[in-house]
There are 2 protein chains.
Amino acid sequence: MSKKQDILDAALKLFTENGARATSTKSIASEAETSEALIFKHFGSKDNLLEEIIKKGYQAAAKTTSPYLIGQTPKEYIAKMIELPIILTKSNPDFWRMQYKIIALNLISSRYHDIFMRPCFEKLTISFEKLGYKQPALEAELLLIHIDGVWKYLAAHALDSERENALISTMKEKYNL
Amino acid sequence: MSKKQDILDAALKLFTENGARATSTKSIASEAETSEALIFKHFGSKDNLLEEIIKKGYQAAAKTTSPYLIGQTPKEYIAKMIELPIILTKSNPDFWRMQYKIIALNLISSRYHDIFMRPCFEKLTISFEKLGYKQPALEAELLLIHIDGVWKYLAAHALDSERENALISTMKEKYNL
DNA sequence: GTCTATAATTTGATAGAC
DNA sequence: GTCTATCAAATTATAGAC
């Protein structure tokens, strides 16, 4: 299945550079050094190819993050959530760069992301509640907006680790963590 | 110049729905109830049409925000920057919704935004410095990431004013404002 | 699994009339 | 300023051979 993987790699690269809509199946075939027809034999359509990339990305993300996020105290959970952007982008930088590029416009992309992040709001709300915050749901919403901004920033800019960690530490201080 | 404005309005609407790349000049002409040729007579190319929309958007944004952001004390400046997402998205919601949708993939879009936001980093750094923050440049970078996340969130979700203001207030508390 | 060839449609843009 | 008619190229996808 080397050619199939070549197509997935080529598509990830080109979707990242130009977006899914502006990437032609011809250019994917060319980058993967295969025929255009093979793309459709393997994936059916361009959208299915994208969905397969995204599905794999979030499966990997779930595997990476689930050990981090279970069984924590409220403070630990919030701290881990603040670290989430680093955990994700470090473990799969190319995928998250693609997601950053296409998520605002692509329904497949945004739907998978919503499902992935959905449990976090409730857990954050409960965590803030336990810590005595006056408006726990609002705090959770605000922190999720921030986390969303940070993973996109890290995916887009590829900072060195030192600066990444400094940003995350500074953020934790705002929540006394 | 009614037809020219019709084209601008139609393009803004369709670029927001599908992105610039996926919006055909034919669909713009149809939405504006004009001929396709007129788009090219007025704007030369699809990219020029988009650039004109963006240029007008940032000119309006500069006009709206400049009275807010001059001659402030450090604390006031930081507070106003935290309010910036509301100021922008309230004054021109359709434009900022389009920007949210296309900025990650579109060079014209991101270039204008960078120029618009560029002065803020230095001013924020100086403000944090004056307030005695230990790592003013890092604080400025972090706050700008946050502001970026917030305007995109407000542009995308169209919250009611009450909830918008609650988010902004909660954010200000983190900086003792 | 992989290829060549090709169909059917859509695209951005232009020419030329009024 | 505005239109109709048109073009050359690019697009997604399929058929059929190996």
Side-chain angles (χ1 to χ4, degrees), chain A residues 1-56 98 101-112, chain B residues 1-57 98-99 101-112:
Chain A
M1 290 226 193
S2 172
K3 287 274 182 189
K4 191 174 180 181
Q5 191 58 48
D6 288 348
I7 292 168
L8 287 166
D9 294 343
L12 176 61
K13 180 184 170 188
L14 294 172
F15 288 161
T16 303
E17 281 171 13
N18 308 310
R21 204 79 179 240
T23 298
S24 66
T25 48
K26 187 178 181 174
S27 69
I28 295 169
S30 169
E31 174 78 25
E33 293 180 308
T34 54
S35 66
E36 225 178 321
L38 198 57
I39 295 171
F40 293 95
K41 297 279 183 181
H42 275 312
F43 302 99
S45 71
K46 200 175 81 169
D47 269 0
N48 276 344
L49 167 56
L50 173 63
E51 181 154 4
E52 193 120 332
I53 292 171
I54 292 174
K55 198 181 286 181
K56 282 173 197 278
M98 184 196 77
K101 289 273 203 159
I102 70 172
I103 197 168
L105 268 168
N106 191 286
L107 272 182
I108 302 170
S109 165
S110 58
R111 209 177 301 134
Y112 274 83
Chain B
M1 290 226 194
S2 172
K3 287 276 180 187
K4 192 174 181 182
Q5 190 58 47
D6 289 348
I7 292 168
L8 287 166
D9 294 343
L12 177 61
K13 180 184 171 188
L14 294 173
F15 287 161
T16 303
E17 281 172 14
N18 309 310
R21 204 79 179 239
T23 299
S24 66
T25 48
K26 187 177 181 175
S27 68
I28 296 170
S30 169
E31 174 77 27
E33 293 180 307
T34 54
S35 66
E36 223 179 324
L38 198 58
I39 294 171
F40 294 94
K41 297 278 182 183
H42 275 311
F43 301 98
S45 70
K46 200 173 81 168
D47 269 0
N48 276 344
L49 167 57
L50 172 62
E51 181 154 3
E52 193 120 334
I53 292 171
I54 292 174
K55 197 182 286 180
K56 282 174 197 278
M98 184 195 77
Q99 275 296 91
K101 289 272 205 160
I102 70 172
I103 196 168
L105 268 169
N106 191 286
L107 273 180
I108 302 169
S109 165
S110 58
R111 208 177 301 135
Y112 272 83

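This is a predicted model, so every value here is computed, not measured. Naming convention: chains lettered A, B, ... in sequence-line order (proteins, then strands); numbering from 1 in each chain.
As a whole-Å value, the separation of B:Phe40 CZ from D:dC3 C1' is 15 Å. Rounding to whole angstrom units, CD1 of residue A:Ile28 and P of D:dA13 are separated by 11 Å. One interatomic measurement links the two molecules: CG of A:Asp6 to C1' of C:dC3, which rounds to 16 Å at whole-angstrom precision. When the P atom of D:dA17 is taken as reference, atom CG of A:Leu38 falls 18 Å away, rounded to whole Å. Rounded to whole Å, atom C1' of D:dT11 lies 16 Å from atom CG of A:Leu49. Distance NZ (A:Lys26) to P (C:dT4): 13 Å, rounded to an integer number of Å. Nucleotide D:dG1 holds its P atom 10 Å from the CZ atom of B:Phe43, rounded to whole Å. Between B:Ile39 atom CD1 and C:dT14 atom P the separation is 13 Å, expressed in whole Å.
In this model, no side-chain donor or acceptor of B:Lys41 finds a partner on the base of C:dG12 within 3.5 Å.
Among C:dT2, C:dT11, D:dT12, the nucleotide with an atom closest to any side-chain atom of B:Ser24 is C:dT11. Across C:dT2, C:dA13, D:dT12, the shortest atom-to-atom separation from the side chain of B:Glu36 is found for C:dA13. With distances taken from any side-chain atom of B:Ser45 to the nucleotides C:dA13, C:dG12, D:dT2, the minimum falls on C:dA13.
In this structure, a donor-acceptor pair under 3.5 Å is present between the side chains of B:Asp9 and B:Gln5.
When the nearest nucleotides of DNA chain D are assigned to A:Ala22 and A:Ala37 by heavy-atom distance, the more 5′-ward of the two goes with A:Ala22.
By the 4.5 Å heavy-atom criterion applied to side chains, B:Lys101 and B:Asn18 are not counted as neighbours.
The structure places CD of A:Glu33 at 12.0 Å from CD1 of A:Ile7, a figure rounded to the nearest 0.5 Å.
Dashed line: the shortest gap from a side-chain N or O of A:Thr34 to OP1 or OP2 of C:dT2 is not under 4.0 Å. The shortest distance between the side-chain N/O atoms of A:Lys46 and the OP1/OP2 oxygens of D:dT12 is below 4.0 Å.
Under a 3.5 Å cut-off, the side chain of B:Ser27 and the backbone N or O of B:Thr23 do not form any donor-acceptor pair.
Counting non-hydrogen atoms under 4.0 angstrom, A:Ser35 reaches a base of the nucleic acid. Within the nucleic acid shown, B:Thr23 comes within 4.0 Å of sugar-phosphate atoms alone, with no base atom in reach, counting heavy atoms only.
Relative to the six-membered ring of B:Phe43, B:Lys4 meets both conditions, a distance below 6.0 Å and an angle of at most 45° to the axis.
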